[in-house]
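Read through the structure below, which is laid out as structure tokens, and then see the notes.
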2 protein chains.
Amino acid sequence: MILDSETKAVELPEDHGNELRLWLRLLTCTTLIEGEVRGRLRERFDVTLPRFDLMAQLDKVPDGMTLSDVSKRMMVSNGNVTGLVERLVESGHVDRRTSDTDRRVQVIRLTKTGRAEFRKMAAEHETWIAQIFSDLTPKDVRELMRLLAKTKASARKSARMRDL
Amino acid sequence: MILDSETKAVELPEDHGNELRLWLRLLTCTTLIEGEVRGRLRERFDVTLPRFDLMAQLDKVPDGMTLSDVSKRMMVSNGNVTGLVERLVESGHVDRRTSDTDRRVQVIRLTKTGRAEFRKMAAEHETWIAQIFSDLTPKDVRELMRLLAKTKASARKSARMRDL
DNA sequence: CGCCAATTGTTTAAACTTAAAGAAATAAGA
DNA sequence: TCTTATTTCTTTAAGTTTAAACAATTGGCG
């Protein structure tokens with residue numbers, strides 16, 4: 001504890017420049033890659049990134065998910081998902097029905113054509129990502145995975161503490 | 001080169017699952033931190049993240065920047081910056097004038113109050129970031145910086161190759 | 001000079017995104 | 001049971017974002 005000349009507690013401004021620079025670099029990487037993927041999805045398949053992301057969530061489950069599940073997994077607001085799903089239903093990629101056991105719940109699934117189209121997009125998408133990271137060695141990839149896991153845990157803890 | 005039974009060239013589908021998982025984890029980290037920062041900026045200062053980011057760019061230069069410079073640095077579209085600047089001029093945080101030497105160019109700067117407000121926000125912002133990364137050791141931070149620099153370079157190279 | 005290309009910024013339409021308020025249904029507890 | 005809280009989803013208003021088309025200006029080059 002540090003006390004000033006009139007005996008009040010004082011916070012010394014610490015230097016957190018390294019963490020700030022790390023955050024900016026992380027943001028730069030993500031923005032860069034996101035832009036690249038967005039552009040390729042549009043050029044090759046005329047699809048937007050949010051639509052692709054939502055379909056990716058649905059592709060992982062055969063029996064569909066609720067809108068809340070999608071919202072939590074994508075870390076976006078509920079209202080956002082409502083709009084995205086509306087457009088994907090409109091375009092025939094997604095099927096939506098009310099749950100039999102809980103009439104609040106909407107269950108959404110990929111349609112047959114939606115799933116087929118997504119699989120084609122996903123296959124190419126994976127090669128783009130591989131190319132984007134192609135200068136990293138397998139060891140780099142493992143190390144990044146480990147450090148980002150630690151980062152994720154630290155950020156979540158920080159978010160939980162703020163919620164109190 | 002791999003040939004199939006009828007002597008045509010065939011691409012073997014390689015496994016790029018690790019790179020894909022790395023990308024998703026990177027995206028998760030960024031989304032998580034971005035949401036945390038966005039919420040705090042709104043609660044504490046009633047300011048949006050894009051406005052804060054733009055002011056952060058301007059704070060680094062005393063004599064102002066052109067809209068194109070801001071656009072490149074923030075990695076967002078020109079039209080996006082036009083709108084953001086319009087609102088920041090409206091709220092009195094940013095000053096805008098046409099360049100003396102090139103009438104196409106708009107030079108924008110922080111106003112006195114804009115700079116003062118930003119400095120206050122930035123000081124707290126830095127402590128939030130430090131808290132978010134607080135479970136990382138200094139070595140972790142250095143390693144992440146290094147690996148993300150490599151990632152950034154790899155992604156940029158990939159983007160350049162696509163532009164050809 | 002005069003044309004042509006490139007740069008700079010704005011406008012437009014559509015989509016995305018959030019936060020907040022609200023509606024409907026379910027769950028929980030007195 | 002009845003009331004209250006919670007969950008789920010939608011709606012709304014405002015703001016952000018992009019891609020594309022456009023206007024204005026500058027620079028290069030014959």
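Everything quoted here is computed from the prediction, not taken from an experiment. Excluded from the calculations below are hydrogen atoms, water molecules and symmetry mates; all remaining heavy atoms, backbone and side chain alike, are included. In the text below, chain A, chain B and the rest are named by the order of the sequence lines, each starting its count at 1.
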Report the distance from atom CG of L136(A) to atom CG of L147(B), rounding to the nearest 0.5 Å.
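The CG atom of L147(B) is 7.5 Å from CG of L136(A), to the nearest 0.5 Å.
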
CG/L110(A) to CD/Q57(A) distance, rounded to the nearest 0.5 angstrom?
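One gets 11.0 Å once the value is rounded to the nearest 0.5 Å.
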
Consider only side-chain N and O atoms of S99(A) and T101(A), and report whether a donor and an acceptor are under 3.5 Å apart.
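Present: a donor and an acceptor within the cut-off.
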
S77(B) versus N80(B), side-chain donor and acceptor atoms under 3.5 Å
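On atom types as modelled, these side chains do not qualify, holding no pair under 3.5 Å.
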
Base, sugar-phosphate, or nothing: which does [X] touch, judged by heavy atoms less than 4.0 Å apart?
X	result
S77(A)	base
L49(B)	nothing
S71(A)	nothing

If we only count heavy atoms from C-beta on, is the [X] to [Y] side-chain gap below 4.5 Å?
X	Y	value
L148(B)	L144(A)	yes
R109(A)	L58(A)	no
R51(B)	R87(B)	yes

Can you find a donor-acceptor pair, distance only, under 3.5 Å between R104(A) side chain and dT8(D) base?
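For R104(A), whose side chain was compared with the base of dT8(D), there is no donor-acceptor pair (under 3.5 Å).
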
Go through the N and O atoms of the side chain of R103(B) and the base of dT25(D), and report whether any donor-acceptor pair is under 3.5 Å.
no

Separation of atom [atom1] in [X] from atom [atom2] in [N], rounded to whole Å:
X	N	atom1	atom2	answer
N78(B)	dA24(D)	CG	C1'	14 Å
R87(B)	dA14(D)	CZ	C1'	9 Å
D100(B)	dT26(D)	CG	C1'	16 Å
N80(B)	dA20(D)	CG	P	16 Å
D102(B)	dA24(D)	CG	C1'	10 Å

Between G39(A) and R96(A), who's closer to the 5' end of DNA chain D by nearest nucleotide?
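Upstream on the strand: R96(A).
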
With nearest nucleotides of DNA chain D determined for R38(A) and E86(A) from heavy-atom distances, which residue corresponds to the more 5′ nucleotide?
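Whichever sits nearer the 5' end wins; that is E86(A).
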
Between the first and last five pairs of the helix from dC1(C)-dG30(D) to dA30(C)-dT1(D), the angle of the axes, rounded to 10 degrees:
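Helix axis angle between the two ends: 20°.
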
Throw together a table of side-chain donor-acceptor distances under 3.5 angstrom for residues 37-45 of chain A, partners on residues two or more places apart or in other chains.
{"residue": "R40(A)", "atom": "NE", "partner": "E36(A)", "partner atom": "OE2", "Å": "3.1"}
{"residue": "R40(A)", "atom": "NH1", "partner": "Q131(A)", "partner atom": "OE1", "Å": "3.4"}
{"residue": "R40(A)", "atom": "NH2", "partner": "E36(A)", "partner atom": "OE2", "Å": "3.0"}
{"residue": "R40(A)", "atom": "NH2", "partner": "Q131(A)", "partner atom": "OE1", "Å": "3.3"}
{"residue": "R44(A)", "atom": "NE", "partner": "E124(A)", "partner atom": "OE1", "Å": "3.1"}
{"residue": "R44(A)", "atom": "NE", "partner": "E124(A)", "partner atom": "OE2", "Å": "3.1"}
{"residue": "R44(A)", "atom": "NH2", "partner": "E124(A)", "partner atom": "OE2", "Å": "2.3"}

Distance under 4.0 Å to a non-hydrogen atom of chain A counts as contact; along DNA chain C, which nucleotides mark the start and end?
dA15(C) to dT26(C)

Would one find a side-chain N or O of S68(A) under 4.0 angstrom from OP1 or OP2 of dC9(D)?
yes

N/O (side chain, R42(A)) to phosphate O (OP1/OP2, dA20(D)) under 4.0 Å
yes

Give a yes or no on whether R73(A) atom CZ has more than 12 heavy-atom contacts from other residues, nucleotides or ligands under 6.0 Å away.
no

Less than 4.0 angstrom from a charged side-chain N to a carboxylate O is my criterion; do R115(B) and D59(B) meet it?
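D59(B) and R115(B): salt-bridged.
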
Please tell me which of V81(A) and V105(B) maps to the more 5' nucleotide of DNA chain C, matching each residue to the nucleotide holding its nearest heavy atom.
V105(B)

